[in-house]
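All remarks here apply to the structure that follows.
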There are 2 protein chains.
Amino acid sequence: MVSEKTISRLTNYQTLLRLQQAQGRTHLFSHQLADLARVTPAQVRRDLMVIGYTGNPRTGYHVGDLQDSLMQFFAFSTGIPTALVGVGSLGRALLSYFMSGRSNIRILAAFDNDPGKTGRVLSGCRIHPMNRLRETLAETTVSCALVTVPGGEAQKVTDALVGAGVHGIVNFAPVRLKVPPTVFVENLDVTSSIEKAAFFARNYSLKTQEETNHE
Amino acid sequence: MVSEKTISRLTNYQTLLRLQQAQGRTHLFSHQLADLARVTPAQVRRDLMVIGYTGNPRTGYHVGDLQDSLMQFFAFSTGIPTALVGVGSLGRALLSYFMSGRSNIRILAAFDNDPGKTGRVLSGCRIHPMNRLRETLAETTVSCALVTVPGGEAQKVTDALVGAGVHGIVNFAPVRLKVPPTVFVENLDVTSSIEKAAFFARNYSLKTQEETNHE
DNA sequence: TTCACGCTGTGACAAAATTCACAGCTAGGA
DNA sequence: TCCTAGCTGTGAATTTTGTCACAGCGTGAA
């Protein structure tokens, strides 16, 4: 089984390769990709082992071929179909970003239980009522959903999504969801991340000051 | 030095404890906190070692005292002062969320280089022009900033922030930032997280189908 | 055609993170 | 008062993750 961290890095390589290709680069060495991704060359090579793509000692990796291999590994040549639950300010921001087509994420349906929002179309995406979640998703191939509801509702929404056959959840609410072992949850807790950054920021500030004083 | 993962969990415990206290609970055992945080009891105890708080074998941890210890460890009793750069749709969403006072994050200033936005006040936060970043931040105690600009501008913005004395950056742009070793970067790449969740979602779906077939 | 350089792929090793497992303690009951 | 159940705190073992180092290979130069 391939680890979560490896998958994170591989998706990152994908993004970076797209950028490199856009700049006209056709070949790339492990150390170059490593620099872009801020990892070690050995890490890059180790990661690429898992997708089976093999480079050339003299010319390195072929950007296009490597992208193809990654695509095949992730099996999302036609974009990643997702659903969004919770059309608050964060939900709207995500809709407007992903519906602009700047990435390979496709939001096929949005859900909210506010009657003032349901039925409307935002950024080109129709907003369905929560109680139609199962039926609406049944018509799609969605297996991954974004949860942007308040913390208090997140578990309820999650249960509904799991019931509708969703196996991947990106949770923006500051709670830990309870899911069966066949469901993957990625927590994107903004508050928690800021607190973490603030902690290290303070540490580094102090350290920097100390060093300045010692001189 | 205490690890990044430990800090993440500790901030999580803080959130959970706030919730428990709101529900009137005064004492808590490691296995209960562990259940809430979806980690093992040993992990909880191990984590609490680093903040020096010590519980009681018979009554467990005292919710209030533990919160105080955490607060003291993170040293943010008055809230975390931050700045936000990039008032696009994501920036606005974060502003409206954090200015509502639902967490201990305080956004003291926002920045954008769109003249149509600068000077205005959004969700109670004034938007300053980018070229006044250094002067504006000099008047505050901000050491941590949220970067919500498009990928192409993120590095430039980061350099400006670092120049202004910021030591912690929460980066929402899908690029890896280059910073000196005295600056901590937390990447919150939504696209990458969705791709990761989608990958595991697909894996789990397949596995579930397989198992159903075998029966 | 042959050689040599500098890369890749990977087994072995090192470091980091997590879990195990148990000594030691503490409040409540007998 | 003393005993006991069941917790905490922590050294040691285990598992996971990342790095090292080198054999082997492909290309361009001679």
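The structure presented is a predicted model; accordingly, all values stated were derived computationally and were not measured. Note that these values count all heavy atoms, side chains included, but never hydrogens, waters or copies made by symmetry. Reminder, nothing fancy here: chain letters follow the sequence lines and each chain counts from 1.
Pairs engaging residues 167-196 of chain A under the ring-ring contact (aromatic ring centres under 6.0 Å, His included) rule: F184(A)-F200(B) [sequence neighbours left out].
Remark: A34(A) engages V39(A), P41(A), V44(A) in a side chain to side chain contact (heavy atoms under 4.5 Å, CB included) (not counting sequence neighbours). Remark: F98(A) pairs with no residue by the ring pair (Phe, Tyr, Trp, His ring centres under 6.0 Å) rule, at least two apart or across chains. Listed by chain and residue number, nothing satisfies the salt bridge (Lys or Arg N to Asp or Glu O under 4.0 Å) test with E195(B) (two or more places apart in sequence, or in another chain). The ring pair (Phe, Tyr, Trp, His ring centres under 6.0 Å) test applied to Y97(B) returns no partner, not counting sequence neighbours. Take D189(B) and apply the salt bridge (Lys or Arg N to Asp or Glu O under 4.0 Å) test, not counting sequence neighbours, and it matches no residue. The salt bridge (Lys or Arg N to Asp or Glu O under 4.0 Å) test applied to E153(A) returns no partner, not counting sequence neighbours. Residues that satisfy the salt bridge (Lys or Arg N to Asp or Glu O under 4.0 Å) test with R9(B), not counting sequence neighbours, are D47(B).
More than 12 heavy atoms of other residues, nucleotides or ligands shown are found within 6.0 angstrom of CZ on R38(B).
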When the side chains of residues 49-56 of chain A are checked against the rest of the protein, which donor-acceptor pairs come out under 3.5 Å, sequence neighbours left out?
from: Y53(A); atom 1: OH; to: H62(A); atom 2: N; distance (Å): 3.0
from: N56(A); atom 1: OD1; to: R58(A); atom 2: N; distance (Å): 2.6
from: N56(A); atom 1: OD1; to: T59(A); atom 2: N; distance (Å): 3.1

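Residues from residues 2-19 of chain B with heavy atoms under 4.0 angstrom of DNA chain C, sorted by number: S3(B), K5(B), R9(B). Listed by residue number, R45(A), R46(A), M49(A) are the residues of residues 35-49 of chain A with a heavy-atom contact under 4.0 Å to DNA chain C.
Within the structure, every side-chain polar atom (N or O) of N56(B) is placed at least 4.0 Å from both OP1 and OP2 of dC7(D).
A nucleotide of DNA chain C counts as in contact with chain B when one of its atoms lies under 4.0 Å from a heavy atom; the first and last such, 5' to 3', are dA17(C) to dG28(C).
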